[in-house]
Amino acid sequence: MTLNFEFFNQWVEQKLGIQLEAYKERQMQRRIGNIMQTAGVSTLEAYAKLLETNPQAKQEFLSHITINVTEFYRNKDLFEAFEKQIIRKSQEGKALKIWSAACSIGSEPYTLSMILNNHNIRKAQIVATDIDQNCLVRGRSGLYKASEVKNIPSDELKKHFTVVNDDYQAQAHLKQRIQFKKHDLLVDPYEKKCDVIVCRNVTIYFKNEARDAVYQKFSDVLEPGGILFTGATETINFSERFGLEKIDSFIYQKIG
């Protein structure tokens, strides 16, 4: 059966404000097909009607199409290089604005908050954004399962988290630095005057044109000398065209 993705893409953009056409086609269509099968519908027209009338199905769809793969200290060696850049930026004397874009359930912004705390960097705040409201709820709660905090060194885990039953609760000194809010990288206005942007393992799902537009917007809102930290599979080829220069593995600096 041929599915009418042209209709569905237009419907999703009109009704939900999400531009599915910016995502890599085969990957997105496969994800939609999987969740349709789970929902028990066979056409996109029927699925659209379901999403319009069933809030739970709508939320499940939004959670399924967004890429919520994250870890604390994901790619530890890369984070060690990034940590040095954070220390360097803090020594410039100004308050740092750090944007954790597409933050999923909050592992990344809490990792950033731990780094700031470990180095006693007080003049810094983190804006954490994601398209998925369920992820933002998880992030604001700061409550994680043991399997989700496995990458955090034991001394840091004891310092920054409290054991609650079998889970781990981020302590207030981590949470108070972070503001969680909803944001779609493809359609919403970007944060302004950022000193650091962390956006990892997201743009690999975008088509080239959408990916390049995101990188240009990141560059536009970075302060001169600001830092962009990308994922381990997201090398920015010819980064100079976006006003960025590579200064370490998957770390770029705003030229100027």
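If you read the sequence from its start, that first residue is 1, and numbering goes on from there. Quick caveat: nothing in here was measured; it's all calculated off a predicted structure.
Gln169 contributes a side-chain N or O that, together with a main-chain N or O of Ser141, makes up a donor-acceptor pair within less than 3.5 Å. Under the 3.5 Å distance criterion, the side-chain polar atoms of Lys254 are matched with a main-chain donor or acceptor of Ser219. With hydrogens and angles ignored, the 3.5 Å screen pairs a side-chain donor or acceptor of Ser239 with a backbone N or O of Leu244. The main-chain N or O of Ile227 is never found under 3.5 Å from a side-chain atom of Gln253 such that the two would form a donor-acceptor pair. Side chain of Gln133 to backbone of Lys182: no donor-acceptor contact under 3.5 angstrom is found. The closest donor-acceptor contact from the side chain of Asn54 to the backbone of Ala57 lies under 3.5 Å. Using modelled atom types, no side-chain atom of Asp167 and backbone atom of Leu143 make a donor-acceptor pair closer than 3.5 Å.
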Inset, instruction - For Lys145 and Glu148, run salt bridge (charged side-chain N to carboxylate O under 4.0 Å, His left out): C-alpha distance rounded to whole Å, both residues' side-chain angles, the deciding distance at 0.1 Å, then the answer. - result: CA-CA 5 Å; Lys145 296 178 175 60; Glu148 294 173 326; 5.0 Å; no
Legend entry - Criterion salt bridge (charged side-chain N to carboxylate O under 4.0 Å, His left out) on Glu52 and Lys15, from CA distance to verdict: CA-CA 8 Å; Glu52 200 156 24; Lys15 298 292 186 179; 3.5 Å; yes
Inset, instruction - Decide side chain to side chain donor-acceptor pair (under 3.5 Å) for Asn118 and Glu156; before the verdict, give the C-alpha distance in whole Å, the side-chain angles of both, and the deciding distance to 0.1 Å. - result: CA-CA 9 Å; Asn118 292 342; Glu156 289 192 40; 3.2 Å; yes
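With a 4.5 Å cut-off on side-chain heavy atoms, Gln125 and Ile98 do not count as touching. Under the 4.5 Å side-chain criterion, counting only non-hydrogen atoms from C-beta, Phe242 is in contact with Asp212. The side-chain heavy atoms of Lys150 and Glu71, taken from C-beta on, include a pair separated by under 4.5 Å. The closest side-chain heavy-atom distance from Leu174 to Phe161 is below 4.5 Å.
For Arg140, the salt bridge (Lys or Arg N to Asp or Glu O under 4.0 Å) criterion is met by no residue, not counting sequence neighbours.
In this structure, Lys76 is positioned above the aromatic face of Tyr73, its NZ or CZ under 6.0 Å from the six-membered ring centre and within 45° of the axis.
Remark: of the listed residues Lys89, Lys123, Lys97, Lys94, Lys94 is the sole one forming a salt bridge (Lys or Arg N to Asp or Glu O under 4.0 Å) with Asp195.
Between His160 and His173, the ring planes are tilted. Angles from 30° to 60° get that label. In this pair, Phe218 and Trp99 present their aromatic rings perpendicular. The plane angle is above 60°, beyond the 30 to 60° band. Note on ring orientation: taking the six-membered ring where Trp is involved, the planes of Phe206 and Tyr23 are perpendicular (angle over 60°, cut-offs 30° and 60°).
Aromatic rings of Phe82 and Phe250 (six-membered ring for Trp) have centroids beyond the 6.0 Å cut-off, not under it. Aromatic pair Tyr252/Phe238: ring centres not closer than 6.0 Å.
A salt bridge links Lys181 with Glu191: at least one charged nitrogen is closer than 4.0 Å to a carboxylate oxygen.
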